[in-house]
Structures are given as structure tokens and as C-alpha cells.
S.K.: 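Attaching a single structure in C-alpha cells format; questions to follow.
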2 protein chains.
Amino acid sequence: MIDFVLDKRSPVPFYRQIADQVLAGVSRGAIAPGDRLPTIREMAVNLEVNPNTVVKAYSYLEMMGVLDTQQGSGVYVRRGAASGALSETERRRMLGDLCRDFVGRAQTLGFDLAEVVERLEQMRG
Amino acid sequence: MIDFVLDKRSPVPFYRQIADQVLAGVSRGAIAPGDRLPTIREMAVNLEVNPNTVVKAYSYLEMMGVLDTQQGSGVYVRRGAASGALSETERRRMLGDLCRDFVGRAQTLGFDLAEVVERLEQMRG
DNA sequence: ACAAGTGTACTATAGTCATAGCACAATGAT
DNA sequence: ATCATTGTGCTATGACTATAGTACACTTGT
């Protein structure tokens, strides 16, 4: 199973960060339809958040039709969720959020956007 | 004076977006030390936010030592706020850390570095 | 049947962000 | 001196996020 990670300094709420990582995982095939996700309590312990926060993330994904929860058993990736897990629009939204967050932090530290982009270009090798 | 803009869909709070733009402006010389910023009420009207939100942004910047407010007169950029307190080495290290962190998060969400850079280029408008 | 593990549901508390509205104090132009 | 403009300070409200704790119901393996 994927390594889930939280950025506690990000303004993006935890439940959203969790949901985004599940979506991304399903979208690129790292999590397959039918797979069982970590239990609510397990995920909560690993990420050091309240179980309710994980519940919120999972519920959100169930509303989107990506997950299927079976009481007493676990939370599973819905069959047929693979292809449509992330529409192009949602992907763009996620990327937008990510970049805005990043640029905001960079500017707070006094970096110009051009300077940042240049640095990233270097990282491409 | 700079064109201040808010992204209302961003998870970054308004007061922080305002503060970031002031910081960036001062940092790159678009706002000079001694310059008078837009008044609280004026800024609030332009950005369509509550005056209290602008107050919060300005107060935040005053705590950082960037601004100097004079009751009844206006809010000014502090003399000596321009020259950064960071050495070039420290700046480069901070930028490196920031970028590595960012790239890691982007990859967690399944984005390719090239794709991310392209998106950032767009944000330069 | 039982026990352990799982999801469900609820209440209460707290912090942050933003809005709304009001009264007060200092400045600057006239 | 007066008045419009500016910043200051306060209270209250609402939405959202997250935490804490509890009780309950279903599933699975034994």
C-alpha cells in the first residue's frame, strides 16, 4: 500500500490531503479497484490525526463514488473507479492548489516566481 | 502602486495572500521603503473583503518589521526593510529545501516535474 | 457463541478565518 | 476650530477544521 504523508504546515486541510493521495493512487494504478484501504484507526495512528479526520476523507471519497465502505469489514476501492478516479478537471484543480500553496510559501520567504521556476528547471537535471 | 489580487478559491487565507504580495513587492523593489500602502478601507473595497482582514494582514507585516503604521495618516513601508536580512547562501539553501519539499509532494500526487514547471510558467502570466 | 476488529454516529470543545457593526483616537487639510 | 480621513479596539456571529471521547452495530475468524 501507498505511503500516505501529511504536510502539517500546509493550509490544505488534512482530510483533503488524504483524499487527494487516494485519488492520485487510484488514478495512476498504485491502488487497484477492489483493494482494501488502511482502516480508519490504522490510518489515523500512522498519520497522527484523529480518526474522525480519516472518516471525513473516506466519506468524501465515497460521495465521489471512488470508495465503497463495508461496515465491520473495511473500506474498498470501488470496481470501475480506476478510469474515472480523476478527471482532467480535477487533476488541474489539484495541481493548481499545489502550486498556489507553493508559490505563496516561496513569496513569503522573499523568492520571486521566476527565480523559483529557474531553480526547479535545474532539478530536472 | 501594485495591483493586489485575491484568489478566493485558494486554501491560503486572504490576509496571508495580501501580506505575501506586499512582501514580494517590497522584495523586488516595486514598493519602496517610505512608500504609503493603500489605506485599510481602500484595500478592503478593492479586494472585496472586510476591512478587518486587511488590518490582519497589515498587523502581521508590522510584527515582521516590514511596515510602520501611523494612526490617522496611513501605513508605510519601514525604512531599511528593503535589504534582506538573508545572506545569498542562506537564501539558496532555503530555496533548495522549499523546492525539494514541493517536488516530493507533487510526486506523491502523481504529477510529473515537467508538468508542474509548465503550470508554474503559466502562473507568471 | 464469542471476541477482536471494523465502520457509524453522536456530543462537546477549541482554534482559525472571515464577516458585520460600532465607538473611539489621531492626523491633515481647510 | 472643524471635518473628513485614517488607524485602533472591541463584540458578536458563522463556517470550517480538527480533536476528544463515547456508544453502538456489523463482519470475520475461532
Side-chain angles (χ1 to χ4, degrees), chain A residues 1 4-22 31 34-78 93-94 97 100-101 104-105 108, chain B residues 1 4-22 31 34-78:
Chain A
M1 179 53 59
F4 289 93
V5 181
L6 283 190
D7 180 353
K8 306 224 171 194
R9 285 168 27 226
S10 167
V12 178
F14 298 162
Y15 86 93
R16 194 62 179 276
Q17 291 186 43
I18 297 171
D20 283 348
Q21 285 175 55
V22 173
I31 314 177
D35 277 4
R36 184 168 176 271
L37 288 183
T39 71
I40 289 174
R41 290 168 175 81
E42 194 181 337
M43 181 78 97
V45 169
N46 287 342
L47 296 183
E48 298 179 302
V49 296
N50 194 279
N52 287 335
T53 301
V54 182
V55 169
K56 193 166 185 179
Y58 282 0
S59 304
Y60 174 68
L61 290 169
E62 186 167 23
M63 276 190 302
M64 291 180 60
V66 177
L67 297 184
D68 216 358
T69 74
Q70 295 176 12
Q71 177 161 340
S73 170
V75 177
Y76 302 83
V77 178
R78 195 171 218 128
R93 176 194 62 72
M94 277 175 50
D97 283 354
R100 264 193 301 273
D101 187 20
R105 267 197 242 177
T108 297
Chain B
M1 180 53 58
F4 290 93
V5 181
L6 283 190
D7 180 352
K8 305 223 172 196
R9 285 169 29 230
S10 167
V12 179
F14 297 163
Y15 87 92
R16 193 60 181 275
Q17 291 186 42
I18 297 171
D20 283 347
Q21 287 175 52
V22 172
I31 313 178
D35 277 5
R36 183 170 178 271
L37 289 183
T39 71
I40 290 174
R41 289 168 176 82
E42 194 181 338
M43 181 79 95
V45 169
N46 287 342
L47 296 183
E48 297 178 304
V49 296
N50 194 281
N52 287 334
T53 302
V54 182
V55 169
K56 194 167 185 177
Y58 282 1
S59 304
Y60 174 68
L61 290 170
E62 186 166 23
M63 277 190 301
M64 290 181 59
V66 177
L67 297 185
D68 216 357
T69 74
Q70 295 175 11
Q71 177 161 341
S73 168
V75 177
Y76 301 83
V77 179
R78 194 171 218 128

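For the numbers below, each heavy atom of this structure counts, side chains included, while hydrogens, waters and symmetry mates do not. Chain letters run A, B, ... following the sequence lines, proteins first and then strands; every chain starts at 1.
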S.K.: In whole angstroms, how far is the P atom of C/dT6 from the CG atom of A/Leu67?
M.R.: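 Answer to the nearest Å: 17 Å.
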
S.K.: 5'-most contact on DNA chain C: A/Pro38 or B/Gln70, nearest heavy atom basis?
M.R.: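 Going by which nucleotide is closer to the 5' end, it is A/Pro38.
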
S.K.: What nucleotide, of C/dT6, C/dT19, C/dC17, holds the atom closest to the side chain of B/Asn50?
M.R.: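 So the nucleotide nearest the side chain must be C/dT19.
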
S.K.: Side-chain N or O of B/Ser73 less than 4.0 angstrom from OP1 or OP2 on D/dT5?
M.R.: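 Checking B/Ser73 against D/dT5: no side-chain N or O falls below 4.0 Å of OP1 or OP2.
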
S.K.: Given D/dG7, C/dT8, D/dT28, which nucleotide is nearest the side-chain atoms of A/Arg41?
M.R.: C/dT8

S.K.: Can you check the A/Arg16 CZ to D/dA18 P distance for me, whole Å?
M.R.: 11 Å

S.K.: Take A/Met1 and A/Leu37 through the test side chain to side chain contact (heavy atoms under 4.5 Å, CB included) and record every step on the way to the result.
M.R.: CA-CA 8 Å; A/Met1 179 53 59; A/Leu37 288 183; 4.3 Å; yes

S.K.: To the nearest Å, how far apart are A/Tyr60 OH and D/dT17 C1'?
M.R.: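 Atom-to-atom, A/Tyr60 to D/dT17, this comes out as 15 Å.
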
S.K.: Where the side chain of A/Phe14 is concerned, which of C/dT8, D/dT8, D/dT19 is the nearest nucleotide?
M.R.: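 Between C/dT8, D/dT8, D/dT19, the one nearest the side chain of A/Phe14 would be D/dT19.
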
S.K.: Within this structure, what is the OH-to-P distance between B/Tyr58 and D/dT8, rounded to whole angstrom?
M.R.: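 After rounding, the gap between these two atoms is 11 Å.
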
S.K.: When you match A/Gln71 and A/Tyr15 each to their closest nucleotide on DNA chain D, which lands nearer the 5' end?
M.R.: A/Tyr15

S.K.: May I have the distance from A/Gln17 (atom CD) to D/dA18 (atom C1'), rounded to whole angstrom?
M.R.: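 The answer, rounded to whole Å, is 13 Å.
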
S.K.: Apply the test side chain to side chain contact (heavy atoms under 4.5 Å, CB included) to residues A/Tyr58 and A/Ile40: give CA-CA distance (whole Å), side-chain angles for both, the deciding distance (0.1 Å), then the verdict.
M.R.: CA-CA 8 Å; A/Tyr58 282 0; A/Ile40 289 174; 3.9 Å; yes

S.K.: Just checking B/Val75: base, sugar-phosphate only, or nothing, at a heavy-atom cut-off of under 4.0 Å?
M.R.: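 B/Val75: backbone/sugar contact only, no base atoms under 4.0 Å.
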
S.K.: Remember a base hit wins even if backbone is also touched, and classify B/Arg36 as base, sugar-phosphate or nothing at under 4.0 Å, heavy atoms.
M.R.: sugar-phosphate

S.K.: Need one value for A/Val49: base, sugar-phosphate or nothing, where a base atom within 4.0 Å counts as base even if backbone is also close, heavy atoms only.
M.R.: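 Answer is sugar-phosphate: A/Val49 comes under 4.0 Å of backbone atoms only.
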
S.K.: Side chain of A/Asn52, heavy atoms from C-beta onward: which of C/dC10, D/dA18, C/dC17 has the nearest atom to it?
M.R.: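 Ranking C/dC10, D/dA18, C/dC17 by closest atom to the A/Asn52 side chain puts C/dC10 first.
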
S.K.: State, with a plain yes or no, whether a side-chain heavy atom of A/Val75 is found less than 4.5 Å away from one of A/Asp68.
M.R.: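 Side chain of A/Val75 against side chain of A/Asp68, heavy atoms only: no contact under 4.5 Å found.
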
S.K.: Could you state the atom-to-atom distance from CG of A/Asp7 to P of D/dA18 in whole Å?
M.R.: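 Interatomic distance, CG of A/Asp7 to P of D/dA18: 12 Å.
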
S.K.: Starting at NZ of A/Lys8 and ending at C1' of C/dT16, how long is that distance when rounded to a whole Å?
M.R.: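 That distance rounds to 17 Å.
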
S.K.: What is the distance, to the nearest angstrom, from the CD atom on B/Glu48 to the P atom on C/dT19?
M.R.: 10 Å

S.K.: Between C/dA18 and B/Lys56, is there an OP1 or OP2 to side-chain N/O distance shorter than 4.0 Å?
M.R.: no

S.K.: So which heavy atom on B/Pro11 is nearest to which on A/Pro11, and how close?
M.R.: O-CB, 3.6 Å

S.K.: Within the side chain of A/Arg100, is there an N or O that forms a donor-acceptor pair under 3.5 Å with the backbone of B/Arg9?
M.R.: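 Checked: no pair found.
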
S.K.: Where the side chain of B/Thr69 is concerned, which of D/dT28, C/dT19, D/dG7 is the nearest nucleotide?
M.R.: D/dG7

